[in-house]
Amino acid sequence: MRGWSPAREQIRPPRGWPRSTSLRQSCSRSGRNGWHGWNGWHERAGRTGTPGERGFPMKIGIIGAGNIGGNLTRRLTALGHEVSVANSRGPETLKALVEETGAKAVTAAEAAKGAQVVVVTVPLKNVPDLPAGLLDGAAEDVAVIDTGNYYPQQRDGRIDAIEDDGLTESRWTEQHLGHRVVKAFNGTFAQDLLERPRPAGDPERIAVPVASDDEAAKRVVRALIDELGFDTVDAGGIDDSWRQQPGTPVYGLRAGVEAVTRALAEASPERPAAHRA
């Protein structure tokens, strides 16, 4: 998770999208969850399809309302998805985000209930503190997105399974969640979610690496990222996800599919000293 999240009084659609109104104005005109979105691909009313099909509204739980979680809440509600959001301080602290977006503030234990997609976007050190059975009430085929990064020197302290046993960060997260994850957005600047979406085919469209052992979940997540206005690159399975961890060439890279694919191939499995305990 990268970047910062300023107050969103006037969020403008990015270049290439309709620019007539701000996010707040558009949502208020169409209904909080009925805005047609920056992509212009669909209207909420009357949409049919299956989860993972572009434009199909899904129930999404977001656990963590920081930079990435907050901006995903903004974008996904604007696209017409039903979003529940939780943080570590309690639903009452999310009043401003709820008023802005129309998302529902819940506890972490409630965020995954019935969800087809769950985004876990909390500091890595806090993953073991998430409620037991977090995903028990989620949809049977729920896709779980892990945006986390290991920062041992700056935040998380030493995690032996990563340092000594060589687990990738997302494999370690999987073990605590008891569910396969899709690693995505971990090297994305939070502000880019608001300012850098582009229509498909735009030469300035950014690509996001996506890794998972669950091919069905990966397809759902890649379709959702496409809907958000970004390309994706299949980065392999979770044991390959070291290629997009902090300190690798792709981490924080704002580039298209070709450059992201090349950066993944150039990664070294040796964790840089700055990212070791």
Side-chain angles (χ1 to χ4, degrees), residues 1-4 62-69 72 86-89 108 111-112 118-135 142-190 208-215 217-218 221 232-255 260-277:
M1 299 176 289
R2 299 170 64 87
W4 57 280
I62 298 179
I63 302 171
N67 297 327
I68 291 287
L72 281 175
N87 65 6
S88 60
R89 296 178 295 149
V118 173
V119 182
V120 178
T121 179
V122 301
L124 208 67
K125 66 177 181 179
N126 293 343
V127 169
D129 299 328
L130 292 172
L134 178 68
L135 300 168
V142 62
V144 181
I145 300 175
D146 168 33
T147 76
N149 293 306
Y150 177 46
Y151 301 118
Q153 299 178 28
Q154 301 89 347
R155 183 191 65 193
D156 298 314
R158 180 183 175 86
I159 296 178
D160 291 343
I162 294 175
E163 297 279 354
D164 299 333
D165 300 339
L167 291 185
T168 61
E169 297 161 9
S170 287
R171 182 67 75 195
W172 182 84
T173 296
E174 278 190 343
Q175 292 183 355
H176 284 281
L177 294 178
H179 196 284
R180 290 183 293 185
V181 303
V182 181
K183 189 175 188 71
F185 296 121
N186 71 292
T188 302
F189 290 93
V208 176
V210 179
S212 182
D213 297 334
D214 186 334
E215 292 299 323
K218 187 188 288 183
V221 172
T232 58
V233 173
D234 191 332
I238 289 301
D239 286 338
D240 303 311
S241 64
W242 57 267
R243 294 183 180 276
Q244 66 194 78
Q245 291 177 169
T248 60
V250 81
Y251 182 75
L253 179 64
R254 290 163 161 155
V260 167
T261 301
R262 184 168 57 250
L264 287 167
E266 293 172 350
S268 169
E270 182 71 21
R271 186 179 293 275
H275 298 283
R276 297 197 303 263

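Below, each value reflects all heavy atoms present in this structure, side chains not excepted, and no hydrogens, waters or symmetry copies. In this chain, residues are counted from 1 in sequence order.
For Asn67 (side chain) and Ala190 (main-chain N/O), no donor-acceptor pair under 3.5 Å exists by modelled atom type. Under a 3.5 Å cut-off, the side chain of Tyr150 and the backbone N or O of Ile159 do form a donor-acceptor pair. Side chain of Asp240 to main chain of Gly237: a donor-acceptor pair is present (N/O by atom type, distance under 3.5 Å, no hydrogens or angles). Checked by atom type and distance alone, the side chain of Ser212 never pairs as donor or acceptor with a backbone atom of Lys218 at under 3.5 Å. When atom types are taken as modelled, the side chain of Asp234 and the backbone of Gly236 share a donor-acceptor pair closer than 3.5 angstrom. Although no hydrogens or angles enter the test, the distance criterion places no donor-acceptor pair under 3.5 Å between the side chain of Lys183 and the main chain of Ala235.
Annotation: side-chain contact (heavy atoms from CB on, under 4.5 Å) contacts of Thr168 (sequence neighbours excluded): Arg171, Ile238, Ser241, Trp242, Gln245.
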Task: Step-by-step side-chain contact (heavy atoms from CB on, under 4.5 Å) determination, Val120 to Ile145 - done: CA-CA 6 Å; Val120 178; Ile145 300 175; over 6 Å; no
TODO: Let me see the working for Thr147 and Asn186 under side-chain hydrogen bond (donor to acceptor under 3.5 Å, both in side chains), right down to the final yes or no.
DONE: CA-CA 4 Å; Thr147 76; Asn186 71 292; over 6 Å; no
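Closest approach of Thr121 to Ile62, counting heavy atoms only: CG2-CG2, 4.1 Å. Listed here is the closest heavy atom pair of Ala217 and Val182: CB-CG2, 3.8 Å. Asp156 and Asn149 make their closest contact through OD2-O, 3.4 Å (heavy atoms, listed as atom of the first residue, atom of the second, distance). In plain terms, the two heavy atoms of Leu134 and Ala112 that are nearest each other are O-CB, 3.4 Å. The two residues Glu174 and Val181 come nearest to each other via the heavy atoms OE2-N, 2.9 Å. The heavy-atom pair separating Pro209 from Val250 by the smallest distance is CG-CG2, 4.2 Å.
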Under 3.5 Å, which donor-acceptor pairs do the side chains of residues 264-277 form with other protein atoms, sequence neighbours left out?
from, atom 1, to, atom 2, distance (Å)
Ser268, OG, Glu270, N, 3.2
Arg271, NH1, Glu169, OE2, 3.0
Arg276, NH1, Arg271, O, 2.4

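Side-chain contact between Leu130 and Ile63: present, with at least one pair of heavy atoms (C-beta onward) separated by less than 4.5 Å. Side-chain contact between Leu72 and Val119 is present, with heavy atoms from C-beta onward closer than 4.5 Å. Within the 4.5 Å cutoff, the side chain of Val210 has no heavy atoms near those of the Val233 side chain.
Annotation: side chain to side chain donor-acceptor pair (under 3.5 Å) contacts involving residues 124-133, sequence neighbours excluded, are absent.
Between the CH2 atom of Trp172 and the CG atom of Leu167 there is a distance of 10.0 Å, given to the nearest 0.5 Å. Once rounded to the nearest 0.5 Å, the distance linking CZ of Arg262 with CG of Leu253 reads 9.0 Å. Atom CZ of Arg180 and atom OG of Ser170 lie 14.0 Å apart (nearest 0.5 Å). Distance check, rounded to the nearest 0.5 Å: OG1 of Thr173 to NE2 of His179 gives 14.0 Å.
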